[in-house]
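A short write-up of the structure that comes next.
When a residue number appears, it is its place in the shown sequence, counting from 1. Atoms considered below: every heavy atom in the structure, side chains included; atoms not considered: hydrogens, waters and symmetry mates.
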Amino acid sequence: MSTATRPAPLPTRVRLGYGAGSVATGAFGTVPGLMLLPYLTDELGVAALVAGVVVFAPKAWDVVLNPVAGRISDHTRDPRGPRRPWLLRAGLALAVTFALVFAGPDVDSRAVETGWVLVCFLAAATAYAFFQVPYVAMPAELTSSYDERTRLMTWRVAILALTIMVAGASAPLIRDAVGGRDGYRVMGVVMALIIATGALAAYRGTRGAPTAVLEPSPGGLREQLRVVAAARDFRLLLTTFVLQALATGCMLAGVDYLAGEVLGRDGAATILFVCFVGPALVLTPAWSWLGARIGKKHGYLAASVVLACGALLAATARSAPPSLVFAAVALVGVGYAGCQVFPLAMLPDAAAVDARRTGSNRAGVYTGVWTAGETLGLALGPAAFAVVLALGGYVSSQGGGVVQPDSAVSAITWGFSLLPAALTLLSLAWLVRYDIDAKDVDA
């Protein structure tokens, strides 16, 4: 491609503004996975399997809803662009409904309290679909450059990592500082304010950003989903990412349990989160640099292996000193940074190749299917961890304080380490067959 036709780099203001949306996605993607299962099992006294269903069902609804949200955003006609209005509308709705999840009334009925969580989490998941899908679709339209998308994702993942650390580390601290159900309520309000801040920042920061003009694709949603499903490289990339989202969901769900039942240290959940996200804050640009030299696919492979090795090392949590467990989680964080940068930069490549080939804009549908898969993986993670807890004989209680059997402690350790490692290594069977590279995108 000649220099004259090379796309101009995006302004720093746009990169930062777009990345700010990860404040909303990071907080909502992290805190329920970290706090909701313990809230149900150890505060409301809900059985582990039932709690797993409550956590999973709203996210399963998103799997159906996300492609619909993508098609709706593809066909949105607004002077602000097809995606930006949804950042504002759905982002604020997400903040409100998230706070309500943990704000249920204290009544003498476990069924009513559990139903409140289910309904409010379902509403929050619906709002999240209409925020996340348009947000993730934007890079394919902001730039047509293969390398510029990697740089854009570097900003996004760096902010995502910072959000995960702040939200994930502070949520347990807020809960513990206040105590009891009020602790969860206050935590929910604080996290809702963080979500609203991210949504507003993304909306304002992308104002005036360049947007490619493509005609929305013809045909119904079912027809478009068939076209997307037939895209081999997208399908391989999605399968890899879903399996890794499932692995990440298991580890998120296990943090609070590992900290309390295995490590037995006050503040261990916060330390684990800092160890997990801290390396990502430092090394995200390094993964981007590596990807520019060896390619996104090979960078993604390397990051996945690093993540799996860290998870395997965490299997020693019951016998190893806590410092080794923290180091293992830090190694997971090193790999996790790359496992976010590369697939999120490869997704718009797949959508752009399709748009150039067909002349139709299916970015929203591609993104809807992608986020549906990610949502499914992140939802199945806590559900799978809940199954592991149940198999290990975990004892639920109201207010905690129950001494768990040895089998439950072992289940917590394995669900946090061996299961995520196996899922990550399994995902590589699909990633090695992915073929899109720079010449396909910049041609």
Side-chain angles (χ1 to χ4, degrees), residues 24-41 44 46-73 90 93-94 97-98 100-102 104 111 113-136 195 221-222 224-225 228-229 235 238-254 364-391 415 419-420 423 426-427:
T25 62
F28 186 75
T30 301
V31 177
L34 175 67
M35 305 296 291
L36 192 52
L37 195 61
Y39 175 63
L40 289 165
T41 61
L44 302 187
V46 179
L49 284 179
V50 176
V53 172
V54 173
V55 173
F56 171 73
K59 295 298 187 75
W61 161 242
D62 265 3
V63 174
V64 177
L65 184 62
N66 281 10
V68 177
R71 178 164 171 80
I72 289 173
S73 71
L94 173 62
T97 51
F98 180 86
L100 290 174
V101 171
F102 296 97
E113 293 175 342
T114 305
W116 174 284
V117 174
L118 178 61
V119 171
C120 292
F121 195 34
L122 179 64
T126 301
Y128 185 62
F130 280 92
F131 177 87
Q132 185 194 28
V133 174
Y135 174 68
V136 178
I195 291 170
L221 177 61
R222 183 176 299 178
Q224 292 187 43
L225 289 175
V228 171
R235 192 172 64 248
L238 176 64
T239 304
T240 303
F241 193 67
V242 169
L243 286 171
Q244 293 189 5
L246 174 54
T248 301
C250 285
M251 298 194 81
L252 279 176
V365 177
Y366 267 90
T367 304
V369 173
W370 177 272
T371 55
E374 179 185 16
T375 299
L376 177 62
L378 289 174
L380 282 173
F385 191 85
V387 171
V388 173
L389 288 182
L391 292 175
L419 180 57
L423 289 167
L426 176 63
S427 73

>> In the structure I gave you, are the side-chain heavy atoms of Phe56 and Leu376 within less than 4.5 Å of one another anywhere?
In response: yes
>> side chain to side chain contact (heavy atoms under 4.5 Å, CB included), that's the test. Do Leu118 and Thr114 meet it? Break it down for me.
In response: CA-CA 6 Å; Leu118 178 61; Thr114 305; 5.7 Å; no
> Within a strict 4.5 Å, meaning less than it, do heavy atoms of the Phe130 and Ile72 side chains meet?
Replying inline: yes
>> I need the minimum non-hydrogen distance between Ala247 and Pro420, along with the two atoms involved.
In response: CB-O, 3.5 Å
> For Val46 and Tyr39, what are the C-alpha separation, side-chain angles and deciding distance, and is it a side chain to side chain contact (heavy atoms under 4.5 Å, CB included)?
Replying inline: CA-CA 9 Å; Val46 179; Tyr39 175 63; over 6 Å; no
> Which heavy atom of Gly52 sits nearest a heavy atom of Ala383, and at what distance?
Replying inline: O-CB, 4.1 Å
> Can Phe241 and Leu246 be said to form a side chain to side chain contact (heavy atoms under 4.5 Å, CB included), step by step?
Replying inline: CA-CA 9 Å; Phe241 193 67; Leu246 174 54; over 6 Å; no
> Angle class for the Phe121/Phe28 ring planes (parallel below 30°, perpendicular above 60°, tilted otherwise)?
Replying inline: tilted
> If you measure from CG on Leu391 to CG on Leu49, what distance do you get to the nearest 0.5 Å?
Replying inline: 7.5 Å
> Between Ile195 and Ala27, what is the shortest heavy-atom contact and its length?
Replying inline: CG1-CB, 3.8 Å
>> Just verifying a value: how many Å separate Leu426 CG and Gln244 CD, rounded to the nearest 0.5 Å?
In response: 10.0 Å
> Checking side chain to side chain contact (heavy atoms under 4.5 Å, CB included) for the pair Phe131/Thr25: CA distance, chi angles, key distance, verdict?
Replying inline: CA-CA 9 Å; Phe131 177 87; Thr25 62; 3.7 Å; yes
> Between Ala48 and Leu389, what is the shortest heavy-atom contact and its length?
Replying inline: CB-CB, 4.5 Å
> How far does OH of Tyr135 sit from CD of Gln132, to the nearest 0.5 angstrom?
Replying inline: 10.0 Å
> If you take all heavy atoms of Pro382 and Leu37, which pair is closest and at what distance?
Replying inline: O-CD2, 4.0 Å
> Looking at Thr97 and Ala123, what are the two nearest heavy atoms and their distance?
Replying inline: CG2-CB, 3.8 Å
